Protein chains: 2
Amino acid sequence: MKIGKGVEWAAHTCALLALLPANAALALDTLAEFIGVPSPYLAKQMQMLSRAGIVKAKRGVAGGYKLARLPETISLWDITGAVDGTTPSFRCTEVRKNGPCGASSDEVITPCKIAASFRNAEDKFRQELNSVKLPELVAGIALDVSDERKTRIKAWIEQNAAFSS
Amino acid sequence: MKIGKGVEWAAHTCALLALLPANAALALDTLAEFIGVPSPYLAKQMQMLSRAGIVKAKRGVAGGYKLARLPETISLWDITGAVDGTTPSFRCTEVRKNGPCGASSDEVITPCKIAASFRNAEDKFRQELNSVKLPELVAGIALDVSDERKTRIKAWIEQNAAFSS
DNA sequence: CAATTACGGATAAAATTTATCTGCAATTAA
DNA sequence: TTAATTGCAGATAAATTTTATCCGTAATTG
């Protein structure tokens, strides 16, 4: 069981975007610099967030990314699902049909208990992530550390964001 | 998020072993034939189950595998952990320390909220799998399908298991 | 001792993840 | 309308992980 590292980047990016004034946006390269990751690859994650309707992209001069919805409506699961996909972690190959005592196709219409258990477990996983919304992340990432850093971040945004007229 | 397919095999194997009389064991090749998977690779899973104390291996003539503990004490999480490992799905690279506004090392002693959320979610996942014990799996895999199959499986075990004297 | 069976490590093939590049489309400002 | 900027989509490549196999060794039984 493994979560791609793009999810971490995407989550930090969204947390940063949540601090942005409504009329501002941050360009890809600026975002990548802030969280310290290679920008060509972060581009992938941003595109997925964009397609999922989590962030809104604007091209051209003074373009960039901003959140597409209110932070309260964006959960950690939304981000994870967008970047890492939503295919189930457990892939049932219906082993029951194999071997000398293999069941016939019409015997296995009821789902395998193993697969069902993993589905349940994954539901719990998803529910938990779904209960964590962006404002909670912001509080636990950018601003909990020190007032000094808080000030620095705000100043950096002021200086590096693109403001629309 | 992905679970290796060896977990599926191991779970089916354990379910089969749970049907075994106390004085019997099943050899690797026999197990592999029953669930219809390549035996050299199943060997890896069996070794991990063995090291984890879930199955007991016996070498030599009439050797093979049997459960090391009562089925009631073996959960789907035990099996998953043994075969797939127990390293957390989310790997925090402490992005907070990166970039122009990076936090200093002593500012990030409190765990990142993102990482903490994934830990919570994974705990829920683990708890759910831990609540599913082997007898429940047996009922939902081998014996739920039809009485005819039930009989065939029991007969096959009788014929292919190694019985100790 | 001879046959059998699991163990452990090495190795290789396949698939997936991670990362980069390039040409194109859209947007804005001069 | 042109030039500069910025995101989009797809192709490609490198690195890592998963999947799979093999072989020599150790243990067990009769």
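In what follows, chains are A, B, ... by sequence order, proteins preceding strands, each numbered from 1. Bear in mind that the values here come from a model prediction, so they are computed numbers and not experimental data.
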note: A:Asn160, atom CG; D:dT6, atom P; distance rounded to Å ~ 12 Å
Protein-proximity profile, nucleotides 11-21 of chain D, B/S/- by nucleotide at the 4.0 Å heavy-atom cutoff, equals B-----S-BBB
### Task
Determine whether B:Pro100 and A:Asn160 make a side-chain contact, defined as any pair of heavy atoms from C-beta on separated by less than 4.5 Å.
no
**Asked** Are any non-hydrogen side-chain atoms of B:Lys56 and B:Arg69 less than 4.5 angstrom apart?
**Response** no
Interatomic distance, SG@A:Cys14 vs CD@A:Gln45, rounded to 0.5 Å, equals 11.0 Å
Output for pair (B:Leu20 CG, B:Glu158 CD), nearest 0.5 Å, gives 9.5 Å
Atom CZ of B:Arg51 and atom C1' of C:dA6 are separated, to the nearest Å, by 12 Å
At under 4.0 Å, does any side-chain N or O of B:Ser50 touch on OP1 or OP2 of C:dC7? yes
Side-chain contact check for A:Gln47: nearest option of D:dT6, D:dC8, C:dT5 is D:dC8
Between CE of A:Met46 and C1' of D:dC8 the distance, given in whole Å, is 13 Å
request  = Taking A:Glu8 for its side chain and B:Thr93 for its backbone only, find out whether a donor-acceptor pair lies under 3.5 Å.
outcome  = yes
4.5 Å side-chain heavy-atom contact, A:Ile74 and A:Lys133: no
note: A:Leu26, atom CG; D:dT5, atom C1'; distance rounded to Å ~ 16 Å
Taken to the nearest whole Å, CE/A:Met48 to C1'/D:dG10 is 14 Å
### Residue pair B:Ser75 / B:Asp78, side-chain donor-acceptor N/O under 3.5 Å
yes
Result for side-chain hydrogen bond (donor to acceptor under 3.5 Å, both in side chains) between B:Asp123 and one of B:Gln127, B:Arg119, B:Arg126 points to B:Arg126
The correct set of residues in residues 56-67 of chain A placing a heavy atom under 4.0 Å from DNA chain C is A:Lys58, A:Arg59, A:Gly60, A:Val61
Atom CG of A:Asp29 and atom P of C:dA19 are separated, to the nearest Å, by 17 Å
Rounded to whole Å, CZ of A:Phe163 lies from P of C:dT27 at a distance of 21 Å
Q) Any side-chain heavy atom of B:Leu49 within less than 4.5 Å of one from B:Met46? A) yes
